[in-house]
Amino acid sequence: MTLTTTPARPATGPAPRRRWWRRPWVAPLAVVAIAFVAFSLPPYLSLDPAASRVPAPESFPPHFAVLSLHVVFGSVAMVTCCLQVWPWFRRRHPKAHRLLGRVYVFGGCLPGGALGLVVGLATPFGPVARASHVVLALLWIGCTYAGWRMARQRRYADHRRWMVRSFALTMSIVTNRLWGAVFTVALWPQLGTTFHGDEALLGSTVAALSSWLGWVLPLLLAEWWLERGDAARRRRRVPAP
């Protein structure tokens with residue numbers, strides 16, 4: 001009698017780890033973050049309200065001081081998050097990752113979000129932009145705090161998910177400015193018709209459109225990326241027929 005056996009499927013070990021130089025998005029991300037901070041931060045370190053790129057509302061005298069602190073804390077968040085999302089850095093330097101994580105949360109996102117909420121409520125760009133700034137600030141604080149709590153509870157998979165969302169909201173200021181430039185170029189020919197020559201109305205419209213798209217699209221992209229990764233892991237767990 002001949003016994004037939006099913007050949008054993010070769011064992012699959014963990015996927016090989018990529019070298020740090022095989023993450024092509026890390027260097028461009030750092031360059032963008034540093035360039036953006038280098039462009040945005042100096043006017044608010046000058047302590048000169050006339051240097052502000054956001055007009056100060058007359059009803060809120062401390063606007064420049066609050067905005068300056070928001071920009072400083074936001075800059076800390078942008079620079080530190082570039083290292084925090086780098087897989088090679090997280091694996092090779094876990095202690096530095098935890099330390100920078102605290103800086104990112106308590107020296108960047110949470111104070112930056114709280115101050116951003118105040119600045120958003122006082123924005124001179126109208127109610128639509130005001131609503132966007134308030135929602136963004138609350139989401140930024142909420143996602144960052146949830147990620148920190150997950151790490152404290154050692155729920156690292158959930159920590160990673162919340163921090164990916166926090167990262168998307170942190171970097172959304174860059175896409176906000178890009179959309180602002182796009183809409184300014186696209187709508188400027190309509191200044192004399194749609195906007196009746198009112199540059200303030202055009203500015204409020206551009207601010208409203210760019211402020212919403214600036215963070216909604218990156219957050220949706222982050223959710224798609226997370227779900228795509230979860231789907232891939234579920235497929236790997238399903239045994240072959």
Side-chain angles (χ1 to χ4, degrees), residues 25-26 28-46 51-56 63-85 100 103-126 128-145 147 162-185 203-223 225:
W25 50 268
V26 173
L29 174 66
V31 170
V32 168
I34 293 171
F36 188 86
V37 168
F39 171 77
S40 302
L41 189 57
Y44 301 100
L45 296 179
S46 67
S52 175
R53 295 194 173 100
V54 178
H63 181 268
F64 179 74
V66 176
L67 177 61
S68 297
L69 289 173
H70 167 68
V71 172
V72 169
F73 287 121
S75 299
V76 172
M78 287 186 68
V79 173
T80 53
C81 76
C82 294
L83 286 173
Q84 293 302 91
V85 298
L100 283 179
V103 174
Y104 174 74
V105 172
F106 297 106
C109 294
L110 295 187
L115 292 165
L117 181 60
V118 177
V119 171
L121 288 169
T123 182
F125 295 119
V128 178
R130 181 177 301 115
S132 173
H133 294 329
V134 168
V135 174
L136 170 58
L138 293 175
L139 285 174
W140 194 24
I141 293 171
C143 290
T144 305
Y145 180 76
W162 283 109
M163 283 307 182
V164 167
R165 298 179 182 115
S166 174
F167 162 75
L169 295 173
T170 298
M171 298 300 294
S172 67
I173 186 61
V174 178
T175 54
N176 180 307
R177 297 298 184 265
L178 292 176
W179 280 116
V182 169
F183 284 122
T184 298
V185 172
S204 296
T205 303
V206 169
L209 292 170
S210 60
S211 63
W212 279 102
L213 288 179
W215 66 264
V216 169
L217 291 183
L219 190 57
L220 289 175
L221 181 61
E223 289 296 333
W225 187 81

Problem set entry | Step-by-step side-chain contact (heavy atoms from CB on, under 4.5 Å) determination, Val119 to His133 | CA-CA 8 Å; Val119 171; His133 294 329; over 6 Å; no

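- The minimum heavy-atom distance between Ser211 and Ala129, with the atom names listed, is OG-CA, 3.8 Å.
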Problem set entry | Audit row: Val54, His63, side-chain contact (heavy atoms from CB on, under 4.5 Å) steps and yes/no | CA-CA 9 Å; Val54 178; His63 181 268; 3.9 Å; yes

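- The side-chain heavy atoms of Leu67 and Tyr44, taken from C-beta on, include a pair separated by under 4.5 Å.
- In this view, Pro42 satisfies the side chain to side chain contact (heavy atoms under 4.5 Å, CB included) rule with no residue, not counting sequence neighbours.
- Contact record, Trp212 with Val128: NE1-O, 3.1 Å, taken as the closest heavy-atom pair.
- Under the rule for a side chain to side chain donor-acceptor pair (under 3.5 Å), the partners of Thr144 that lie at least two apart in sequence or sit in another chain are Ser166.
- Not counting sequence neighbours, the partners of Ala77 by the side chain to side chain contact (heavy atoms under 4.5 Å, CB included) test are Tyr104, Cys109, Trp140, Thr170.
- Nearest approach of Trp215 to Ser132, heavy atoms of both residues: NE1-OG, 2.9 Å.
- When atom types are taken as modelled, the side chain of Ser46 and the backbone of Pro43 share a donor-acceptor pair closer than 3.5 angstrom.
- Partners of Phe106 by ring-ring contact (aromatic ring centres under 6.0 Å, His included), not counting sequence neighbours, listed by chain and number: Trp148.
- The shortest distance between side-chain heavy atoms of Val105 and Met163 falls below 4.5 Å.
- A pairwise comparison of heavy atoms in Ala114 and Ile141 identifies N-CD1, 3.5 Å as the closest pair.
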With a 3.5 Å cut-off and sequence neighbours excluded, list the donor-acceptor pairs that the side chains of residues 172-181 form with protein atoms.
| unit_1 | atom_1 | unit_2 | atom_2 | d |
| --- | --- | --- | --- | --- |
| Ser172 | OG | Leu169 | O | 2.7 |
| Thr175 | OG1 | Ser172 | O | 2.9 |
| Thr175 | OG1 | Gly214 | O | 2.6 |

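- Interatomic distance, Leu83 CG to Leu29 CG, rounded to the nearest 0.5 Å: 9.5 Å.
- Closest heavy-atom contact between Met171 and Ala33: CE-CB, 4.3 Å.
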Exercise. Which is it for Leu115 and Val71 under the side-chain contact (heavy atoms from CB on, under 4.5 Å) test, yes or no, and what are the steps along the way?
Worked result: CA-CA 9 Å; Leu115 292 165; Val71 172; over 6 Å; no

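- To the nearest 0.5 Å, the span separating CG on Leu219 from CZ on Phe167 amounts to 12.5 Å.
- Residue Ala168 comes nearest to Ala222 through the heavy atom pair CB-CB, 3.9 Å, listed as atom of the first residue, atom of the second, then distance.
- Atom SG of residue Cys143 and atom CG of residue Leu138 lie 10.5 Å apart, to the nearest 0.5 angstrom.
- Scored by the salt bridge (charged side-chain N to carboxylate O under 4.0 Å, His left out) test, Arg130 finds no partners at all (sequence neighbours excluded).
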